[in-house]
*Asks:* 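The structure is given below, and queries will be raised subsequently.
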Amino acid sequence: MFGFTVLGPLALRGGQDPYAPRGPKVRKLLALLLLRPGNTVDMSTVAEELWDGNPPRTELATIRTHVYHLRTLLEQQGSGADRIELLSTLPGGGYALRIDPSQLDATVFTQLLDRGRGLLAEGRADRAAQTLRSALALWQGPALSNIVPGRVLSRYVAQLDELRIRALELRVEADMRLGRHRELVSELRGLVSVDPLNEWLHAQLIDALRRCGRRGEALDAYRTLHTVLDRELGIEPSAELKRLQYEILAAGSLSRIPRPAFAETLGAQAG
């Protein structure tokens, strides 16, 4: 069975190397159909994506031509039965792509994300981390990276990006529960450098450093976040992060309180 990828470059995957339709508008049409599998994509939605609200006079004929090229491409895959059912033209106008969920990487990703979220909620952090790693491994770059998305596809790309971030956060949370703080420090430093306004990731980095006994670095990480938020947004870190900073400072103060010598303690007890 062949399949499709959208978590990275749009591509068809079969017995040969992955490939995509050559025409940019045919690629957009395929992406629209893939991101709404089994559902009708009407003509107006196709036109909005292909021409950003400024379609040519030959709009319908041009769309039908693109559909013809896409159908020809898809018919090269699978058996005769697959060819009949894969891409349907609906009587009311519009098209639907009927594929098995396992044929699309985005569908498999969301299934694994839901499963990982459920496992974490059940307290099964090890299984959750493994499942979420499998989900994130499906990503081969930015979603639809070989397409310049129009109005419609931009919304789908944004939604997929949000799901990827959520999967990453859940996987980090699972690893934190498993005590993998030292292993996470380097990864979290990289993540906050890419997404410097994500307070949740900063909080995990600060907490991981604290749990590794690297309190000075944890406070430096907090100060870095404070500077970034003030410069970029004119705001301060959240109350949760301020509490985390306070706990680190308080722990450092307690560690500096001089303790009585062992002999003095014994003498006090004897007295």
Side-chain angles (χ1 to χ4, degrees), residues 1-56 59 62-78 82-83 86-89 94-113 133-168 190-191 194-195:
M1 179 185 293
F2 68 100
F4 304 89
T5 62
V6 294
L7 305 180
L10 172 72
L12 286 79
R13 294 181 177 271
Q16 303 174 351
D17 292 334
Y19 67 98
R22 291 182 180 178
K25 286 186 167 51
V26 178
R27 285 200 297 270
K28 284 190 174 188
L29 175 62
L30 177 57
L32 279 175
L33 293 164
L34 285 171
L35 291 172
R36 297 186 61 179
N39 296 313
T40 302
V41 178
D42 57 43
M43 301 290 270
S44 62
T45 300
V46 175
E48 182 182 1
E49 174 60 32
L50 297 188
W51 294 291
D52 284 333
N54 188 29
E59 168 190 345
T62 304
I63 290 174
R64 292 189 182 107
T65 300
H66 292 320
V67 169
Y68 169 79
H69 289 306
L70 178 58
R71 182 174 281 117
T72 300
L73 177 65
L74 296 174
E75 283 178 353
Q76 298 171 4
Q77 311 294 327
D82 293 331
R83 296 174 186 177
L86 196 59
L87 178 55
S88 303
T89 301
Y95 306 94
L97 190 64
R98 306 189 188 282
I99 58 174
D100 187 272
S102 64
Q103 289 180 269
L104 180 62
D105 61 350
T107 305
V108 177
F109 166 74
T110 55
Q111 290 173 342
L112 289 170
L113 171 57
R133 278 191 174 84
S134 296
L136 290 164
L138 293 171
W139 285 77
Q140 302 299 314
L144 301 177
S145 58
N146 57 346
I147 290 177
V148 179
R151 297 178 182 178
V152 182
L153 285 179
S154 292
R155 295 193 288 269
Y156 283 113
V157 169
Q159 182 182 13
L160 287 170
D161 285 343
E162 286 295 328
L163 291 175
R164 181 188 61 80
I165 292 170
R166 184 57 183 145
L168 180 61
L191 290 172
V194 172
D195 192 3

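Side-chain atoms are counted along with the backbone in the values below, which use heavy atoms only and exclude waters and symmetry mates.
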*Asks:* Does any non-hydrogen side-chain atom of Leu160 lie less than 4.5 Å from one of Arg164?
*Replies:* no

*Asks:* Give the minimum heavy-atom separation between Ala20 and Ala11, together with the two atoms involved.
*Replies:* CB-CA, 4.4 Å

*Asks:* For Pro18 versus Arg13, what's the shortest heavy-atom pair and its separation?
*Replies:* CG-NH1, 3.1 Å

*Asks:* Just by modelled atom types, is the Thr107 backbone N or O under 3.5 Å from a matching donor or acceptor in the Thr110 side chain?
*Replies:* yes

*Asks:* When you measure from the side chain of Thr45 to the backbone N and O of Glu49, does any donor-acceptor pair fall under 3.5 Å?
*Replies:* no

*Asks:* In the structure I gave you, are the side-chain heavy atoms of Leu97 and Leu30 within less than 4.5 Å of one another anywhere?
*Replies:* yes

*Asks:* Could you check if a side-chain atom of Leu7 sits within less than 4.5 angstrom of a side-chain atom of Gln140, using non-hydrogen atoms only?
*Replies:* no

*Asks:* Any luck finding a side-chain donor-acceptor pair between Thr89 and Arg64 under 3.5 Å?
*Replies:* no

*Asks:* Are Leu10 and Leu34 packed together at the side-chain level, in the sense that at least one heavy-atom pair is separated by less than 4.5 angstrom?
*Replies:* yes

*Asks:* With heavy-atom distances below 4.5 Å as the criterion, would you say the side chains of Ile99 and Phe4 are in contact?
*Replies:* yes

*Asks:* Side-chain donor-acceptor pairs under 3.5 Å in residues 22-29, sequence neighbours left out?
*Replies:*
unit_1: Arg27; atom_1: NE; unit_2: Asn146; atom_2: O; d: 3.4
unit_1: Arg27; atom_1: NH1; unit_2: Pro21; atom_2: O; d: 2.9
unit_1: Arg27; atom_1: NH1; unit_2: Arg22; atom_2: O; d: 2.8
unit_1: Lys28; atom_1: NZ; unit_2: Val148; atom_2: O; d: 3.1

*Asks:* Going from CG on Leu163 to CG on Leu113, what distance comes out if it is rounded to the nearest 0.5 angstrom?
*Replies:* 6.0 Å

*Asks:* Is the closest side-chain heavy-atom distance between Ser88 and Arg98 below 4.5 Å?
*Replies:* yes

*Asks:* Counting distance only, does the side-chain N/O of Arg71 pair as donor-acceptor with the main-chain N or O of Leu87 below 3.5 Å?
*Replies:* yes

*Asks:* Any side-chain heavy-atom pair from Leu32 and Tyr95 closer than 4.5 angstrom?
*Replies:* no

*Asks:* Test your reading of the model: is there a side-chain donor-acceptor pair from Ser145 to the backbone of Gly141, 3.5 Å cut-off?
*Replies:* no

*Asks:* Counting only N and O atoms by type, is there a donor-acceptor contact under 3.5 Å from the side chain of Arg155 to the main-chain atoms of Gln159?
*Replies:* no

*Asks:* Any side-chain to backbone donor/acceptor pair from Arg151 onto Asp52? Under 3.5 Å, distance only.
*Replies:* yes

*Asks:* Taking the side chain as every heavy atom from C-beta outward, state whether Leu112 and Leu138 have any pair of such atoms under 4.5 Å apart.
*Replies:* yes

*Asks:* Kindly state each residue pair satisfying ring-ring contact (aromatic ring centres under 6.0 Å, His included) with at least one member in residues 138-166, sequence neighbours excluded.
*Replies:* Phe109-Trp139

